[in-house]
Asks: 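My questions will all concern the structure given below.
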Amino acid sequence: MKIGICASNESTDSEVADRFARAEFFAVYDSETLQFTFYSNTAKFEGSGAGGKAVKVLGDLDVEVVLVPELGPKAIDALKIFEIKSYQYKQGKTVREALYEYFEKKLPELLESSVKGKH
Amino acid sequence: MKIAILSGKGGTGKTTLSVNLFSSLKKATLIDTDVEEPNSHLFLKGTTYHEEDIMKEYPVVDDNVCSLCGKCGDFCNFNAIITSKKKVLVFDDLCHSCGGCKLVCPTNAISYAEKSIGKIFYQSVGDNKQFLYGKLLVGEISGVKIIEHLKNVTKKEDILLIDSPPGTSCSTVSAIEGADYCIIAAEPTPFGLSDMRMVVELLRAQKMNFGVVVNKSNLGNDDIYTYLEEEGIDLLGNIEFREEFARIISVGELLVDHSEYVRNIMTDIIKKVLGETYA
């Protein structure tokens, strides 16, 4: 299974990002190979609809779980069609710490939008 | 003649200039194209005699026909369609109704539905004047359709004033398109000058004729005048800031009804832009 984590930089010791679709990088952890791969978030420059686009980026990478700071309504809707589950971390962690907390089942699942959509 | 009033920075006096110029003309039509936050109507107090819904088209995907190829989503520049291997999701509020997704769909799974994105209000002001304004619904991403409609229904007007949206985005470009002359409402502050430079760049790229009215001319600094001189841009007039003006505006009244000073400036601008006969 692949797990996506919003990252501020390209290392497992980097801090997690404080925004989902505008995160600098997505760290993708593959639980079969135990490897991290970092992808530049191509959705972050979108003028609008970045949430849906970011989910598409992760979905096309076959990610099944994402660890996020917050999610807007469009990202939530998009995650559903990719059947990706989302879990919320609190700020101030590294990518690795957030992943450990997910495996320890310490992160709450996000079932609905945690922030309002903006225009 | 069509005259657009625009500014770059918000709050420099587009609406103040528009409604006071409009009120100084014997016969004219004004449209408020700042459809995200229209406010000219607050000053004109006309009577609405007609309302019109403005519709936009957005794609509807027939899941039974869709092959999940993803071409529609790849085509969309506004992320209004997101495709997974199992389903297609449409965010109709992000759609700009370009029709592209329907064109690229190989299985003809996309049709278009319509929904209202806002309204146009038609008002009569006095005997000879018409005023129209548009209002975009909250949550809709673009007011361009409403602006285009406002322009279209008033395209044959003899004298048309266009109160434009702030900034230099699609809405502003749409509002000024086809205008014979643009008046920039500027403010002599660092922000005012910086945003005005962007407007000047836009107007030059669009090959438009334009001049500047410096509002609140006794505030800020003189950089704007140096800039106008260096760039060879026409200065159409100066309007001082006075506490009395702020009071009049704050209760939704017209400066020309209270101040001879402003009346003279409006007449002067009209003479410069439209000619002696209209003043």
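Just so it is clear, the values below take in all heavy atoms, side chains as well, and ignore hydrogens, waters and symmetry mates. Lettering follows sequence order; numbering is per chain, from 1.
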Asks: Count the heavy atoms of every other residue, nucleotide or ligand shown that sit under 6.0 Å from CD of B:Glu52, and state whether that count exceeds 12.
Replies: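 Yes - once you tally the heavy atoms of other residues, nucleotides and ligands closer than 6.0 Å, there are more than 12.
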Asks: Taking atom OH as the centre, does A:Tyr100 end up with more than 12 heavy-atom neighbours from other residues, nucleotides or ligands that are less than 6.0 angstrom away?
Replies: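 No, the 6.0 Å shell around OH holds no more than 12 heavy atoms from other groups.
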Asks: Could you grab the distance from atom CG of B:Leu94 to atom CD of A:Glu46, nearest 0.5 Å is fine?
Replies: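 If we round to the nearest 0.5 Å, B:Leu94:CG and A:Glu46:CD are 10.5 Å apart.
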Asks: Within residues 77-87 of chain B, which residues come under 4.5 Å of chain A, heavy atom to heavy atom?
Replies: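 Result: B:Asn77, B:Phe78, B:Asn79, B:Ile82, B:Thr83, B:Ser84, B:Lys85, B:Lys86, B:Lys87.
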Asks: Surrounding CZ of B:Phe75 (heavy atoms of other residues, nucleotides or ligands, distance under 6.0 Å), is the total greater than 12?
Replies: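 Atom CZ in B:Phe75 is not crowded, with 12 or fewer foreign heavy atoms closer than 6.0 Å.
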Asks: Taking only residues two or more places apart in sequence, or in another chain, which ones meet B:Phe22 in a ring-ring contact (aromatic ring centres under 6.0 Å, His included)?
Replies: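 For B:Phe22 there are no ring-ring contact (aromatic ring centres under 6.0 Å, His included) partners, ignoring immediate neighbours.
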Asks: Looking at A:Glu109, I'd like to know if its CD atom is crowded, meaning that more than 12 non-hydrogen atoms belonging to other residues, nucleotides or ligands lie closer than 6.0 Å.
Replies: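 Count over threshold, so yes.
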Asks: So for A:Ala50, is it side chain, backbone, both, or neither that comes closer than 4.5 Å to the heavy atoms of chain B?
Replies: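 Backbone of A:Ala50 only, per the 4.5 Å heavy-atom cut-off to chain B.
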Asks: Should we count CZ of B:Phe191 as having more than 12 external heavy atoms under 6.0 Å?
Replies: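 No.
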Asks: Between atom NZ of A:Lys74 and atom CG of B:Asp93, what is the distance when rounded to the nearest 0.5 Å?
Replies: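 Nearest 0.5 Å value for the NZ-CG distance: 3.5 Å.
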Asks: Taking NZ in B:Lys71 as the centre, count heavy atoms belonging to other residues, nucleotides or ligands within less than 6.0 Å. Is the count above 12?
Replies: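 12 or below, so no.
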